[in-house]
Amino acid sequence: MLTINQIRENKDEVIRLLKIKNFDASSIIEQILQIDLERRNLRQSLDNLQAEMNKTSEMIGKLFKEGKASEANLAKEKTGQIKEEIRLKNEAFSKAESDQHALLVLLPNTPNPSIVPGKSAADNEHIREGGKMITPNPSMIPHWDLAKKYDLIDFELGNKLTGSGFPVYKGKCAVLQRALISFFLDEATEAGYNEVMVPLMVNEDSGFGTGQLPDKEGQMYHATADNLYLIPTAEVPVTNMYRDVILNESDFPVRNTAYTPCFRREAGSYGKDVRGLNRLHQFDKVEIVRIEKPENSYQALEEMVSYVESLVQKLELPYRIIRLCGGDMSFTSAMTYDFEVFSAAQDKWLEVSSVSNFESYQANRLMLRYKPTGEKKTRLAHTLNGSALALPRIVAAILENNQTENGIKIPECLVKYTKFDFIN
RNA sequence: GGAGAAAUGGCAGAGUGGUCGAAUGCGGCGGUCUUGAAAACCGUUGUUCGGGCGACCGGACCGGGGGUUCGAAUCCCUCUUUCUCCGCCA
């Protein structure tokens with residue numbers, strides 16, 4: 001979330017930037033500032049009362065020590081009134097604080113000033129494209145039919161075991177999944193990311209830290225008996241490793257990568273985009289997560305984009321890079337690049353990665369700070385993450401784009417992992 | 001799952017009702033000494049909120065939450081976590 005200081009000091013700027021996301025913040029911000037003023041007044045008088053109380057208690061202690069019990073008892077009687085005042089002020093202060101917090105949480109992250117406004121995906125900025133484009137032709141078979149033809153993915157079996165959106169990968173396709181995971185992790189390690197393996201369930205604090213809670217509560221699977229959430233992305237546990245952490249400047253760069261399955265309820269998304277591997281409740285993904293000093297975060301974002309680009313290039317997939325417009329960006333992001341690969345038989349661009357800079361929005365929730373060398377004050381760090389990459393749509397594109405009459409060709413870069421170069 | 005013990009500053013570890021934000025040691029930082037380093041010695045060393053241009057002043061924080069008390073790291077309740085023993089177990 002945004003900090004109260006950001007809002008207090010740059011009110012108009014914040015309102016202006018949030019308009020880019022089609023969010024009218026003016027009335028919320030007015031309320032916040034009003035509560036903030038009240039809150040600080042209460043804080044001050046509360047502090048004064050407590051100081052008075054401390055002094056009195058200290059005096060009483062001294063009197064008892066000096067054997068002046070009657071004077072001490074007299075002083076004691078006066079404390080009741082101060083105590084009551086403290087109780088009342090404290091109540092009011094707590095209320096102001098929680099009211100303020102409740103309002104702050106409603107504000108999305110401010111987009112980077114260079115973000116174009118826009119209403120929907122149609123207004124996104126096209127950055128560049130690459131790879132060899134494939135012209136779709138009617139003889140191409142969509143991946144769900146290829147999956148059946150070569151016995152690669154059993155959606156019905158997943159239905160039986162769990163429900164829709166939980167496919168069973170079989171034989172060479174199971175191996176292909178494993179190969180992609182290994183390939184992505186090896187590439188990330190090579191690029192300087194530190195591999196970690198993290199819990200697939202997180203607590204409420206973690207969900208709040210990265211911004212899934214409270215607003216996206218309904219999108220996560222919730223194990224209510226233990227109040228734990230199945231992670232929708234490795235971003236949640238990997239970023240939360242740094243919750244309540246104060247980094248030293250020498251700790252940078254902080255770069256982690258993790259493979260995890262991801263679980264998403266996808267509540268409310270029915271319809272045509274859910275066919276085959278296009279949208280699942282459980283899928284595999286390798287994520288890259290960085291923590292940066294504010295002045296380096298946009299350079300880091302560009303590096304991450306280049307890195308993800310190198311992956312789709314090695315996989316020999318036609319791709320395009322898009323920068324999301326204000327209207328299409330997530331609540332928590334300040335700038336997001338999406339990667340889409342072309343899946344020929346569907347004649348469709350499929351989103352396979354989303355790379356974002358959250359600036360200090362998550363860091364403020366996480367209390368993730370760093371201490372610049374030689375300075376006394378801590379500052380909020382910047383957090384970034386990106387998919388590198390999400391598997392199902394990559395698999396869909398590989399199956400569809402690399403199909404031949406006799407089978408499916410495995411991309412060169414994966415052969416050393418799969419130990420086969422053809423599925424038939 | 002059952003029984004017991006514990007949780008204090010970056011770490012180790014004192015502190016069982018009254019200047020305790022907290023002894024001491026280690027570590028870190030600065031300095032003296034040294035050609036340089038080590039050793040030794042001296043100094044310094046948490047987070048956070050509010051007020052002030054500022055020197056600075058005040059509040060909060062000893063696992064989390066609540067309570068008793070004029071006053072709590074210290075007493076009580078509760079939750080969480082860790083350790084030891086027993087049981088179960090990939």
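To find a chain, count down the sequence lines: A is the first, B the second, and so on, and within it residues start at 1.
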Nucleotide range of RNA chain B lying under 4.0 Å from chain A heavy atoms |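 The contact span of chain A on RNA chain B goes from B:G18 to B:G71.
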For [N], give its Watson-Crick or G-U wobble partner with both distances under 3.5 Å, or none.
| N | value |
| --- | --- |
| B:G18 | B:C70 |
| B:U80 | B:A7 |
| B:U35 | none |
| B:C88 | none |

Cation-pi geometry met for A:R39 and A:F93 (6.0 Å, 45°) =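 No, A:R39 does not lie over the aromatic ring of A:F93.
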Centre of A:Y259's six-membered ring, under 6.0 Å away, within 45 degrees of the axis: is that where NZ or CZ of A:K285 sits?
->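 No, a cation-pi geometry is absent between A:K285 and A:Y259.
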Which value, in whole Å, describes the distance between the [atom1] atoms of nucleotides [N] and [M]?
| N | M | atom1 | value |
| --- | --- | --- | --- |
| B:C61 | B:G67 | P | 13 Å |
| B:U47 | B:A39 | C1' | 34 Å |
| B:G21 | B:G36 | C1' | 40 Å |
| B:G10 | B:U44 | C1' | 15 Å |
| B:G59 | B:G71 | P | 15 Å |
| B:G46 | B:G9 | C1' | 6 Å |
| B:C75 | B:C62 | C1' | 16 Å |
| B:U69 | B:C57 | P | 34 Å |

Taking atom CE of A:M197 as the centre, does the number of heavy atoms from other residues, nucleotides or ligands within less than 6.0 Å exceed 12?
->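 No, the 6.0 Å shell around CE holds no more than 12 heavy atoms from other groups.
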Ionic contact status for A:D421 with A:K409, cut-off 4.0 Å |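 A salt bridge is absent here (no side-chain N lies under 4.0 Å from a carboxylate O).
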Identify whether the distance between the nearest side-chain nitrogen and carboxylate oxygen of A:K314 and A:E412 falls below 4.0 Å.
->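 No, A:K314 and A:E412 are not salt-bridged.
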Pair listing, ring pair (Phe, Tyr, Trp, His ring centres under 6.0 Å) test, anchored in residues 351-392 of chain A, at least two apart =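 The answer is A:F252-A:Y370.
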